[in-house]
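Just below is one structure, and these are the notes that go with it.
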Amino acid sequence: DGVCCESQCVTPCRACNVGGVLGRCAALTPGSDPLDECPGTTACGASAVCQGSAIWSLGVTGVGSERMSALAVPGDIVIGGSFDGSANFGAGPIESEPGSSDAFVARVLPVGELVWAQTWSGPGNAAVEAVALLDSGDVLVAGWFDGELTIDDATHVATGSSAAFVARLGPRGEGNGEPRPGEPPPVAWHHVLDGPGEDRLFALAVDGDGRIAVAGTSNGLDDCPTESDGVASMLVAVLSDEGVCERAAVLGSELGRALR
């Protein structure tokens, strides 16, 4: 039926599928569904998706390595991570800073088509490790960088070995949500959480009042009230809806390092 199968067929191969969807390879009588691959219908080829089948895929390709480390749904899909060399999100290759990895965040429609992609770079390494999609359509991003990182026209220099950052982007780019690559939305705000050691963020969440909770690693922040025993370990911080750090705690001891 023109669908890739999991193994070679020695008899006519049919799969319960919608066009372009991977189905289970089996010699079936047309109109039958003995493996119950299409719940809610009695015939293969009906408008249903096989359980466990891929609906679509989107690859980020380029020269070097690409790493996706963050995902947010429902509705549109937001991904984040890092790349070195170059990466193509669908609108042409983007070059990273030579010898370093750059951070990226991208928004994808539920049908798998790119809306926009945003990258941030500097002479050191940077990565987006957590993303969230707000009810307003805005996107929250958290991650880290070492050395320097430029967001919009602001260049930040890490005090210690690395610094953490949080940013908020508008809902859609120039494409206005149409299924084609568009310019990324403006950055509404961004803040850097920095201290004398290693500061990195790996998770974020938002409560009903818009306050932001982030988690990562640190041994104390310079510009945020921080409870710390001076040991680089697990960081938990609460930010306002504008990204301003309200309070933070660093959990030392072996437990904190294990949770890292």
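The model shown is predicted, which means the values in this text are computed figures rather than measured ones.
Relative orientation of the Phe165 and Trp120 rings is perpendicular, given thresholds of 30° and 60° on the angle between their planes.
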Please report the C-alpha distance between Leu71 and Val78 in whole Å, then the side-chain angles of each, then the deciding distance to 0.1 Å, and finally whether the side chain to side chain contact (heavy atoms under 4.5 Å, CB included) criterion is met.
CA-CA 6 Å; Leu71 172 71; Val78 180; over 6 Å; no

Tell me, with the steps shown, if Leu133 and Val73 meet side chain to side chain contact (heavy atoms under 4.5 Å, CB included).
CA-CA 7 Å; Leu133 185 58; Val73 291; over 6 Å; no

Given side-chain hydrogen bond (donor to acceptor under 3.5 Å, both in side chains), test Asn125 with Ser101 step by step and report yes or no.
CA-CA 5 Å; Asn125 297 314; Ser101 61; 3.3 Å; yes

Given the rule in the side chain to side chain contact (heavy atoms under 4.5 Å, CB included) test, do Val141 and Leu169 qualify, once you have shown the distances and angles that lead to the verdict?
CA-CA 8 Å; Val141 174; Leu169 294 84; 3.9 Å; yes

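For the pair Arg168/Leu134, a side-chain contact is recorded, criterion being any heavy-atom separation below 4.5 Å from C-beta on. Looking at heavy atoms from C-beta onward, Thr217 lies out of side-chain contact with Leu235 at the 4.5 angstrom threshold. Using a 4.5 Å heavy-atom threshold, the side chains of Gln118 and Arg107 count as separate. Glu113 is not listed as a side-chain neighbour of Val108, based on a closest heavy-atom distance of 4.5 Å or more. Residues Val244 and Leu239 form no side-chain contact, since every pair of their non-hydrogen atoms from C-beta on lies 4.5 Å or further apart. Taking 4.5 Å as the limit, some side-chain heavy atom of Val166 sits within range of a side-chain heavy atom of Leu201. The shortest side-chain heavy-atom distance between Asp241 and Ile212 does not fall under the 4.5 Å cut-off. Arg200 has its side chain out of reach of Phe145: every pair of non-hydrogen atoms, C-beta onward, lies at least 4.5 Å apart.
For the atom pair NE2 of His190 and CD1 of Ile151, the computed distance is 4.5 Å after rounding to the nearest 0.5 Å. Separation of atoms CG (Asp76) and CH2 (Trp116) is listed at 9.5 Å; rounding is to 0.5 Å. Here Cys245 contributes atom SG and Asp222 contributes atom CG; the two are 11.5 Å apart, rounded to the nearest 0.5 Å. Interatomic distance, NE2 of His191 versus SG of Cys224, reported as 11.5 Å (0.5 Å rounding).
Smallest separation of non-hydrogen atoms from Ile94 and Phe83: O-CE1, 3.5 Å. A pairwise comparison of heavy atoms in Ala167 and Val187 identifies CB-CG1, 4.4 Å as the closest pair. The two residues Ala126 and Ser82 come nearest to each other via the heavy atoms O-CB, 3.5 Å. Closest approach of Asp84 and Ser65 over heavy atoms only: OD2-OG, 2.6 Å. Ser100 approaches Pro123 most closely through the heavy-atom pair CB-O, 3.7 Å. Shown here for Ser69 and Gly81, the closest heavy-atom pair between the two residues is OG-CA, 3.6 Å.
Hydrophobic clustering (ILVMFWY, side-chain heavy atoms < 4.5 Å, transitive): Leu140 and Val236 are in distinct clusters. Linking ILVMFWY residues whenever their side-chain heavy atoms come closer than 4.5 Å, directly or via other members, leaves Val238 and Leu193 in distinct clusters. Under the 4.5 Å side-chain heavy-atom criterion for ILVMFWY residues, no single connected hydrophobic cluster contains both Val157 and Trp144.
Thr155 places no side-chain N or O within donor-acceptor distance of the main-chain N or O of Glu148, the cut-off being under 3.5 Å. Listed for the Ser96 side chain is a donor-acceptor partner under 3.5 Å among the backbone atoms of Gly85. Listed for the Asp146 side chain is no donor-acceptor partner under 3.5 Å among the backbone atoms of Gly124. Checked by atom type and distance alone, the side chain of Ser162 pairs as donor or acceptor with a backbone atom of Asp199 at under 3.5 Å. For Asp102 (side chain) and Thr119 (main-chain N/O), no donor-acceptor pair under 3.5 Å exists by modelled atom type.
Within 6.0 Å of CG in Asp207 there are more than 12 heavy atoms belonging to other residues, nucleotides or ligands.
Ionic pairing of Arg211 and Glu242 is not present here: no N-O contact between side-chain nitrogen and carboxylate oxygen is shorter than 4.0 angstrom.
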